[in-house]
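Shown next, in structure tokens, is the structure this report addresses.
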Amino acid sequence: MAEKIIRNYATSARALRENTAALTASLSSGLPEPEQLNRIWAERDAVYMQWSNAAASLRELPSEYSARLLCEIEQLPAI
């Protein structure tokens with residue numbers, strides 16, 4: 001179960017980074033179309049909720065799992 005929680009956190013952290021990059025890219029070229037902006041924000045809301053739930057689950061794990069999580073996060077590619 002701990003492995004799944006760690007994996008979920010790492011996956012949702014990556015998705016949140018990717019969404020931030022997409023939002024930044026959309027805004028850097030001017031204001032995106034309302035439909036595109038609404039889609040990005042809806043995706044961001046869903047990704048943030050997944051990340052928040054994973055973080056809450058992670059806080060319930062014994063502290064020795066923190067090192068494993070840090071290893072997972074360090075392996076995330078830069079965006």
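- With N19 contributing its side chain and A15 its backbone, the two residues share no donor-acceptor pair below 3.5 Å.
- Hydrophobic clustering keeps M49 apart from W41 (ILVMFWY residues linked when any side-chain heavy atoms are closer than 4.5 Å, directly or through intermediates).
- In this structure, CG on L16 lies 5.0 Å from CZ on R44, to the nearest 0.5 angstrom.
- For the pair E35 and R39, the salt-bridge criterion is not met [side-chain N within less than 4.0 Å of a carboxylate O].
- Other residues, nucleotides and ligands contribute more than 12 heavy atoms inside 6.0 Å of the CD atom of E64.
- Expressed to the nearest 0.5 Å, how far OG1 of T24 lies from CD1 of I40 amounts to 9.5 Å.
- At distances below 3.5 Å, at least one donor-acceptor pair connects side-chain atoms of S28 with backbone N or O atoms of A25.
- Between S26 and Q36, the closest heavy-atom pair is OG-NE2, 3.3 Å.
- One distance of note links OG1 of T20 with CD of E18; it measures 10.0 Å at 0.5 Å rounding.
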Output side-chain donor-acceptor pairs under 3.5 Å for residues 54-61, partner residues at least two apart or in another chain, one line each.
unit_1	atom_1	unit_2	atom_2	d
S57	OG	N53	O	3.2

